[in-house]
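In what follows, a single structure is set out as structure tokens and then discussed.
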Amino acid sequence: MPAHTTPADAAEAVERQLALRRFLLPDEPGPPPGAPGTVTGVDVAYSESEGNGPPGLVAAAAVVLDAVDLTEVDRAAAVGPVPFPYVPGLLAHRELPAVSEALAGLRVPPGLVVCDGYGVAHPRRFGLACHLGVLTGLRTIGVAKTPFRLADDRSGAPPEPPGPRRGDHAPLYAPPIDAPEGTAGPPEVVGSALRTRAGVKPVYVSAGHRVGLAAARAHTLHLARDFRLPETTRRADRACRDALARARAQPPPPRRGSERVIGTDPHPGGRG
DNA sequence: GCGACAG
DNA sequence: ATCTTGTCGC
């Protein structure tokens, strides 16, 4: 699989998604939650691009946990200039260059990768979790903190909330994609609003690469036993913030190719 | 045309 | 995501 190159604009970014989507693999029986192995969390943090001051930076971190006791096994980070503007539906092009770099820096197999965002619960069924999976070949799932407007109607109505108990879940629907010609079939289930803790807002789970929705939910529940978010996401969030803080304190070293800077593509382009 | 819109 | 004041609770 070719390395992710930064699209010149939104149209090109969408084309890239549609092309890569062909390589997305379906559910496959992987290690069940808690089975011996590793599970990895990835996340990114940004620094403000203050006019003529500091350039916009994106720091990514990958934290590997022991799948049995959730203790940390390894971690890696990467920092580089923000390669693409924030556009709903195109998040992968903004975050994945740094995330891939961080994953490449790990010394142990990542196992299942838990992303902070969506998988197939996406306008084109190719959220960042799917994108990362296709790029790396790793098994991935997406766990987002807020709902995405995928409603089959324009009411703007949020997803139906899941039941009140931990483990309760409700379907996330989206209009059919790949509809031949106005063949607007029934809405499809693309994810789940999952209650990981009683009395707390749900998280939004969707399948990524080589992992189905049921397995994605099961893993999420296992990783989010004591908190609303998966332990993987919590650790990665902390790690990328730390990495960003270190990068800001120690600006880019002289050009000697020692510290690899990534995403050097200028011309981010804009929206439509 | 206008609003909504993962992180 | 990031920026912020303030409040509640262990």
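Letters go in sequence order (proteins before strands), and every chain restarts at 1.
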Could you give the CZ-to-C1' distance, from A/Arg124 to B/dA6, as a whole number of Å? 12 Å
Taking NE2 from A/His131 and C1' from B/dA6, how many angstroms apart are they, rounded to a whole number? 15 Å
Joint cluster assignment, A/Leu25 & A/Leu103, ILVMFWY side-chain distance < 4.5 Å: no
Would A/Asp242 and A/Arg246 pass as an ion pair if we require N to O under 4.0 Å? no
For nucleotides 1-7 of chain C, which of its nitrogen or oxygen atoms have a protein nitrogen or oxygen under 3.5 Å away, and what is each distance?
| unit_1 | atom_1 | unit_2 | atom_2 | d |
| --- | --- | --- | --- | --- |
| C/dA1 | OP2 | A/Lys145 | NZ | 3.1 |
| C/dT2 | OP1 | A/Tyr46 | N | 3.1 |
| C/dT2 | OP1 | A/Tyr46 | O | 3.4 |

Please determine if a side-chain N or O atom of A/Arg149 lies less than 4.0 Å away from the OP1 or OP2 oxygen of B/dC5. yes
Between OH of A/Tyr204 and P of B/dC5 the distance, given in whole Å, is 12 Å
Rounded interatomic separation in angstrom, taking CG from A/Leu91 and C1' from B/dA6: 5 Å
With sequence neighbours excluded, tell me which residues meet side-chain hydrogen bond (donor to acceptor under 3.5 Å, both in side chains) with A/Arg94. A/Tyr46
One thing to verify: whether A/Asp168 and A/Arg195 come together as a salt bridge, which I'm taking to mean a side-chain N less than 4.0 angstrom from a carboxylate O. no
Can you confirm whether or not the ring centre of A/His93 sits under 6.0 Å from the ring centre of A/His131? yes
Give A/Leu172 one of three labels, base, sugar-phosphate or nothing, depending on what nucleic acid heavy atoms sit under 4.0 Å from its own. nothing
Looking at residues 195-203 of chain A, who's got a heavy atom less than 4.0 Å off DNA chain C? none
Exercise answer: donor-acceptor pairs, residues 211-218 of chain A side-chain atoms, under 3.5 Å, sequence neighbours excluded:
| unit_1 | atom_1 | unit_2 | atom_2 | d |
| --- | --- | --- | --- | --- |
| A/Arg217 | NH1 | A/Ser192 | OG | 2.9 |

Would you please name every residue forming a salt bridge (charged side-chain N to carboxylate O under 4.0 Å, His left out) with A/Asp43, sequence neighbours left out? none
Is A/Gly89 touching bases, backbone alone, or none of the nucleic acid, heavy atoms closer than 4.0 Å? base
For A/Pro147, which contact category applies under a 4.0 Å heavy-atom criterion: base, sugar-phosphate, or nothing? sugar-phosphate
Would you kindly give the NE2-to-P distance between A/His93 and B/dG7, to the nearest whole Å? 17 Å
Spell out, as yes or no, whether a donor-acceptor pair under 3.5 Å connects the side chain of A/Tyr118 to the backbone of A/Phe148. yes
Could you tell me the separation between the CG atom of A/Leu132 and the C1' atom of B/dA6, rounded to a whole number of Å? 15 Å
Can you give the dot-bracket line for DNA chain B, using ( ) for pairs inside the strand, [ ] for pairs that cross earlier ones, | for pairs with another strand and . for unpaired bases, where Watson-Crick and G-U count if both distances are under 3.5 Å? .......
Rounded to whole Å, please give me the gap between OH in A/Tyr86 and P in B/dG7. 7 Å
Ionic contact status for A/Arg225 with A/Glu231, cut-off 4.0 Å: no
Side-chain (A/Arg210) to main-chain (A/Gly137) donor-acceptor, under 3.5 angstrom: yes
A/Ala102 and A/Ala76 have their tightest heavy-atom pair at O-CB, 3.3 Å
